[in-house]
Amino acid sequence: MAELITTLGPLLRERLGTILPHEHVFVDLRKPGAPGYGEAEASAVVALMAPEVAAVQAQSVTALVECTPVGVGRRADLVRAVSDATGFPIVVATGIYREPWIPAWALAASEDEIAEWMLGELQDGIETSGVRAAWIKVSAGDDGITAQETKILRAAARAGRATGAVIGSHTIRGRVVKDQLAIIEAAGYTPDRFIWIHTQAEPDIALHLEIARRGAWIEYDWIGGTIPDETYIANIQKVLAAGLGDCLLLSQDRGWYDPAKPDGGTPKPWTYLLGTFLPKLAASGVDRATIARLTADNPFRAFAR
Ligand SMILES: [Zn+2]
């Protein structure tokens, strides 16, 4: 039976309701090797982020997917500290971000070595955190996937094929996603275990629909940001009208403790989706059952294995 692997252990669908599929607890966008990169006290991260967790728990959100890979400050131990302090399950990724954030060890590693590392994190756990990775986060350059990013994606496809873990990729252009799907298919994995993260950044909605028709997940995940809610609502209506609602994820890409800022800076709350956006989506005519499918069933199916 499919389980969602979280900081609090594996959870079945019946234990979960609404899941936020793309948020962040801790991110460092400075490059690996910068002074202080990825460093913070667990007590400080908990002090800043536990109230943000409490705010979405109060909205009856039941879990959140942390989308930070290696390269942009992934710290599974700090995410776990926030989870333990709040009793809130968080889903953590293995994987590596795009160039120029790829750390030196991964640039030097072979595809085999990266696949083995991902498998270890998916099966045994991340570093000394005691947390298993549920899924694989990767990325590709805006103008096309580089040789290093291709190596990492091929390794992800192999680790995914061995475990059932979904691959999510930060990819800004739909034509780059098509190249990525060809790469994972050539590596023996399937488009239905691929999430196109940041689909909304591609202005051509025909590409959103084309990728979803191939079975991949599309994700509108900057809700509450600069793109108007009405644009998201119009696109969601088109996806639903095309019969592709089973391939759609909604989230905010918000948060987080930033160790580059004093005391971690000021996080953007995760409450916009349930507090503001979903009521507007309902008012536009999308029924409750469909909203539950988009916000509870879909994220579980995407990330469980
Ligand atoms: Zn993100």
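Indexing begins at 1, ligand by ligand and atom by atom, following the structure's order. Counting from 1, the numbers follow the sequence of the chain as shown.
- Here D112 pairs with R158 in a salt bridge; the nearest charged N to carboxylate O distance falls below 4.0 Å.
- Using a cutoff of 4.0 Å between basic side-chain nitrogens and carboxylate oxygens, D297 and R13 are scored as salt-bridged.
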Is there a side chain to side chain donor-acceptor pair (under 3.5 Å) between E127 and S129 once you walk through the steps? CA-CA 6 Å; E127 297 147 1; S129 67; 5.9 Å; no

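- The atom of D253 that is an N, O or S and sits closest to the Zn ion (ligand 1) is OD1.
- Taking backbone and side chain together, H198 holds no N, O or S atom under 2.8 Å from the Zn ion (ligand 1).
- Between the Zn ion (ligand 1) and D221 there is no N/O/S contact shorter than 2.8 Å.
- Side-chain polar atoms of Q57 and T86 form no donor-acceptor pair below 3.5 angstrom.
- At a threshold of 2.8 Å, the Zn ion (ligand 1) has no backbone or side-chain N, O or S atom of C67 nearer than that distance.
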